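Bear in mind that the values here come from a model prediction, so they are computed numbers and not experimental data. To find a chain, count down the sequence lines: A is the first, B the second, and so on, and within it residues start at 1.
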Amino acid sequence: MAKDLAWYEDPDIKNIFIKAASNAMRGYHCPLTSPKTTFTGTNSLIDFINHVGAYLAPEERRALIVVDKDLRKYATMVADKLRQLKGIESHVFDHVLPDVPKDTVMEGVEACRAFDPKLLIAIGGGSAIDTAKCILLLYEKPDLDLRGIMAPAYVGLRKKVLALAAMPTTSGTGAETTFIAVITDTDRDPPKKIELVLYELCPDFAVLYPEFVRSMPPYLTIGTGIDALCHAMGSSVLSMSNVFTDMCMHQAIRLIREYLPRTVARGDDMEAREKMQLAAYIAGLGFGNVSGGLEHAMGHAFGSVFHVHHGVCVGLFLGASLAYQAKVTNRFLPLADLWGVDRAGKSREQALRELLTRVFAFYDAVGCPRAVKDLARPSVSRAEYESRLDQLEDFAFNDYCTLSSTRAVNARQYRHLFEIAYENDLDALVALSRETPVNSQEGRA
Amino acid sequence: MSEPLKGLNGRVARVDLEARTFEARPVAPEIYEQYLGGVGLAAKLVYDELSDADYARLRDDPLAPVNPLVFSTGPLTATAAPSSSRYAVAGISPLTGYWGESTSGGFFPGALKRCGFDAILFTGAADAPVYVDAHDRTIEVRDAAPYWGLNTRETIAKIRVDSGDAKARVATIGRAGEHLVKYAAILNDEGRAAGRCGLGTLMGSKHLKALVVHGTERIPLADGKKIAQNSKRALANVHNAFSTNFFQHYGTLCYTDMGMVLGDVPVKYFTSTEFVAENLTGRRLKERYPVTKYACAGCTIGCGRTTFVDWEGNGEETAIDGPEYETVAALGPLCGIEDFDPILRANHTCNLEGVDTISAGVCIAFLLYLADRDLAREQLVERLDGIAIDDLRWGNARVVQQLLDRLVRREGIGDLLAEGVKEMARQLGVDPGLAAHVKGLEIPMHDPRAYAGQALTYATACVGASHEKGDFFNIDGDAASFGKVRKGPRFDIAGREAAVATYQDMACLYDSLVVCNFPHVNFQSLGRMLRAATGFKLFSRKKYLFQVGERATNLKRLISIKLGLTGEMDALPGIVTRVLSTGGTDGVKLELEEPLQAYYAARGWDEHGVPTEGKLADLGLI
C-alpha cells in the first residue's frame, strides 16, 4: 500500500475494487452483517437491559457509555437503569465530537483501560456510534494501521469488550447496523477522514428506543430522514446490491415516503417517529451491506467544504447519482415503481424523469432543498460554489464511496455532476443517462 | 542425435489430401527440445514444409492447396498437468493471409495424441469432401459426402453412429467452413471451438470436413508420479485464487460487468464502452436459465457452460454451448444488444454453423455502424436484398440474426460479411481505419483503450488482434505481476514494452505445451512437470523455457514476413484509437508509435519489425 494513503486511495486497490463490486464477486463473497439482536418498541431499552443482564457474568458487569455532552442526560438515564435493574456499573465518556477525531477516540481507549468495560454503549447519532466502534477497535488492537482496515479482513475483536450496543438518537445514519466507521486521523497533517470497513465493527445490539428521537428538531429530522432515503435509493442502484439489500432498501423507501412527512409536520407523532427509526435501521441494513453511492461521495465532499448537514448534502446529489448511473443500470426502474411511476409504455428516460420529479416533489413536501442553489443554512452562491469545484471533484473522486459506482466516474465527470447539481435542472439530470457523442479526436491510424 | 523424449510419440503424420495418402515421419528430439509441441511444433512443420514458390502462391491466394494445416498436441497434453487437455491448429490464415493459429480444449486433444502422432499436417486439397480418421498410428482418408452440408453437432453425432464408436472425438467444420466464410471455426466435442484465424475455412478449402480420432495408446512418461505431485501442488494455489472461483461458478462471463466499468467492453462497434452490463453477467445467465458446467478432460476449473433455453416456451429445451464472454460481448453490446435471448440464439447459430463469434460480431457491428453513420449507404442498399437499410439499427436483434444467417451461407449481404471487416471496408470504399482489425483479424472484446499493454499486444501479436496471444489486461487489471512481467498503470505501457514481448512468449509457450492459461500455473511448476513428462532436464530451467516461446514467436514472424507482413501493419485502426469522452477510458489517447519501437528493440527486431540476424542466430533459427 502506498505510503500515507488509506486503502481506498491506493491506485492498485481502486483497480481491484471494481472487481470486488462485480456480480461475480458478490456471488463469491457476500457476507450479510447485522446486529445479533435489535430491540424495537417502547419497551426496547428495558428489553435490552434485561438481555445484557443475562449476557454478562456478575464479574463482567461494567459498561462504558459513549455520548456527546448534549446527550449526557440520556447516558445518565441509561446508566441508572443498568445499575438499578441488573447491577451493571457504568462510566460515561461524554467527549464525542463531530467527525470522530482520533485523539478523542484515544481518550475513550484510555477510559477503557482504566475501567475495563465488557460492554460498550453508544448513544447518539453517527459520530457517537462511530466513536464507540473506533474505541472498540483501538482498545482491542492498538497497533492497527487504520489506513488498511478494509473488508474482508478480520482482526479478532471482542477479546476485551464482549459486546457493542448502539442506541441511535437520530433516524438516518444507520450506523447502529453498519460495519463502517469514519474516523478523522489527527496523526495526519492536515487531519484526514478515513473510512474503516470491518465486519467486526457491526454493533452486536441495536436499541431503537423511540423516546431518544422524540425531541429531534425539524431540521435534523429532515436531514437525517433524507440521509436514510439516500442510503436506500443511492445504494439500490449499485451493482453490489443483492436480494437481501434490495428487500431492505425498498421497504425503507416505502416507510420514508409515508412517515418522514409526518415526523416533519409533528415531531410528537411517535408512531411515525418509530417507523422512521425502523426505516433508517432497515436502510442501514441495506446500505451497510452494499456501500454508499455517488451521492455519498459527492455529499461527503460538499459537506467538507461547505459544512452543511450530512443528510442534506447527500440529498442534493441523489438526483445526479441516480441519473448518471441510469445509463448503465436498470436498477432505478424498481425505484420508479416504488414512487408510483406508471412505467407502462414509457421509455427508461421517461421513467427516470418521472422518478426524479417525484423525489424532488417529496423534498419540497418535507422542506429539504432540491439543489445547492436552494440552500439557506448556509446559502452557497454560484460564484463561491464554482470557485470550489476543483476541491469538490478531488474530494469526491478520492472518496471511499466512489469505488462502488456502477458507472465509471472520474474527477472530470464529477465536476460535471457538481455543476449540474447547483440547479438540479431536470433536463440536465436526465441527459446524464443518455449517450455521449464520441470525441472526433483521432489516435494513431 | 539426442535421446528420444518421453511423453511424446516422436512422430507426426503428413496427409496428402489430394492423393489421399499419409506418411508417418519421425521427429528428431531436438525439434521437441526447441519447439515443444502445439503452435511451436506447428510453426516448425509449416516453416519446413513451405518453399519460396509456395509462399509466392500463398501471397496471391491463402486458400491454395499448398497451405498446410496442422493439428498438434504437446508434451503435457493429456497428462496430469492442470488443464492440459488442449490442442493447437495452425496454418496460413485465409482471413489475414499471414500466420494463423488457434487452440481448443475438450476431450479431443488426448484422443488425438493417443493415435500415435504428435501432430497431423494436411496438405493439398481433396477433389471431393473427405474426413480423416486417425487411430492406432494409422490414418484413413474417407468419403465425407454424407456429412457435407450438416452442421457441427449433426456431423459429430452422425460420425459417431456411423463409425460405431460412440466415444470418437471429432473436430469438424460446419456449413460456414464449407462456404468458405473467411473466419470459419473448427468445433470439437461439446461446443469447444478453435475459432480464430479462419482455420475452419482452410479445412473447407481442402474439402476436409472433419478429423476423427480414436486414440487409446498409452504414451510413457519419464516420471508420471512427479507430474501428479507437482500438479497437486500447483492446483492448491489455483483453487485458492478467487479468479478460479469466478470461472468455476460464472465461466468467462464473470468479466462482463467489471470489464464494463473499466471501459474494457466495446459497445456499438467500439464507439462506447457503456451499457447495462448487469443484464449480461454470468450470474444473470444462471438466474435466467438452467446452466450446467462443462470441464475439459482432467480440468478442475470447468469454465465451460451449457445453457438450456426453452425458445418457444413449450418445455422443449435447446442446449446452448456457453456462452463465453467474448461471444456475448461481440454479438451483444458491440451490436447494441443487451439481452441474453437473442445473443444465445446467435451464439447457437455460430457454433452449429462453425463460425468465429468474435469476427462475426465485429463484421455485423461494422455494418450497423456504417448504417448509423450513413456511410456507404448506396452500396449497402444494393447488397441488402430484402433487409431495409433503416432496420440496420443498434440493438435490432432480429436483423442481427438475419445477417448472421446470411453470413454463414454467404447469401446476399452475407457474402460481404463473410469476407471479414478489412475486406468489407475495401469493397465498400470506406476509410480503412474504420475497420476494426489488426492484419485482418478482427479485434476481440477487450477494448485496446482500456489497457495500453493489450493494445501493444494486439498490434504485434503473431496472428493479428488476439487476446489469447497475451492477455495483458489480466496483468494490469488484476494489479498482479507474473514473473518478469510486472504490473503497471493500465493506460501507459512506456517502459514495459519488453514485458509485452515476454508475456506473448509466455502465451506461445502455453500454446506449445499445450495447456490452458486459466489456471496461471507458474513456469517453475510447469517446467518441473515438463521435465517429468519428457525427461529433458533443460525444460526445468525457466530461461530455457522462455527461449522456446521466443523462438516460436520469431519463427512465426518470419513466416508472416515471407507472406508480405511489414512493420506498418503493427498498428491499430483509427476506430479503436479515437478518444472516448465517457466511461472507464474517458479521455484515454493511445500512443503506440514509441512503445512499438521499444518493443521491437526489446525483441531484437529492427525498426521495421524484422528479426535481426543476431536475434535469429541466438535462437538457432539461422
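- In this structure, the separation between CE on M258(B) and OG on S239(A) is 10.0 Å, given to the nearest 0.5 Å.
- The OG atom of S241(A) sits 8.0 Å away from atom CD of E278(B), with the distance rounded to the nearest 0.5 Å.
- Note that CZ of R26(A) is 13.5 Å distant from OG1 of T281(B), once rounded to the nearest 0.5 Å.
- Considering only residues two or more places apart in sequence or on other chains, Y255(B) meets the side chain to side chain donor-acceptor pair (under 3.5 Å) condition with D264(B).
- Within the 3.5 Å criterion, the main-chain N or O of T582(B) finds no donor-acceptor partner in the side chain of Q413(A).
- When all heavy atoms are compared, the tightest approach of A408(A) to G583(B) is CB-C, 3.7 Å.
- A distance of 8.0 Å separates CG of N330(A) from CD of E338(B), quoted to the nearest 0.5 Å.
- Between the CG atom of N23(A) and the CG atom of L285(B) there is a distance of 11.0 Å, given to the nearest 0.5 Å.
- The environment of E349(A) atom CD is dense: over 12 non-hydrogen atoms of other residues, nucleotides or ligands sit within 6.0 angstrom.
- Atom CZ of R283(B) and atom CE of M25(A) lie 12.0 Å apart (nearest 0.5 Å).
- Every residue two or more places apart in sequence or in another chain that forms a salt bridge (charged side-chain N to carboxylate O under 4.0 Å, His left out) with E419(A) is listed here: R415(A).
- Between chain A and the options V576(B), T585(B), N245(B), D586(B), heavy-atom pairs under 4.5 Å are most frequent for D586(B).
- Contact annotation for R490(B): only side-chain heavy atoms (C-beta onward) come within less than 4.5 Å of a heavy atom of chain A.
- Taking chain A as the reference chain and counting heavy-atom pairs below 4.5 Å, the highest number among T256(B), L262(B), N279(B), V276(B) is found for V276(B).
- Between chain A and the options H249(B), R449(B), M260(B), R284(B), heavy-atom pairs under 4.5 Å are most frequent for M260(B).
- In this structure, the portion of F275(B) lying under 4.5 Å from any heavy atom of chain A is its backbone and not its side chain.
- Heavy atoms closer than 4.5 Å to chain B are found in the side chain of R412(A), but not in its backbone.
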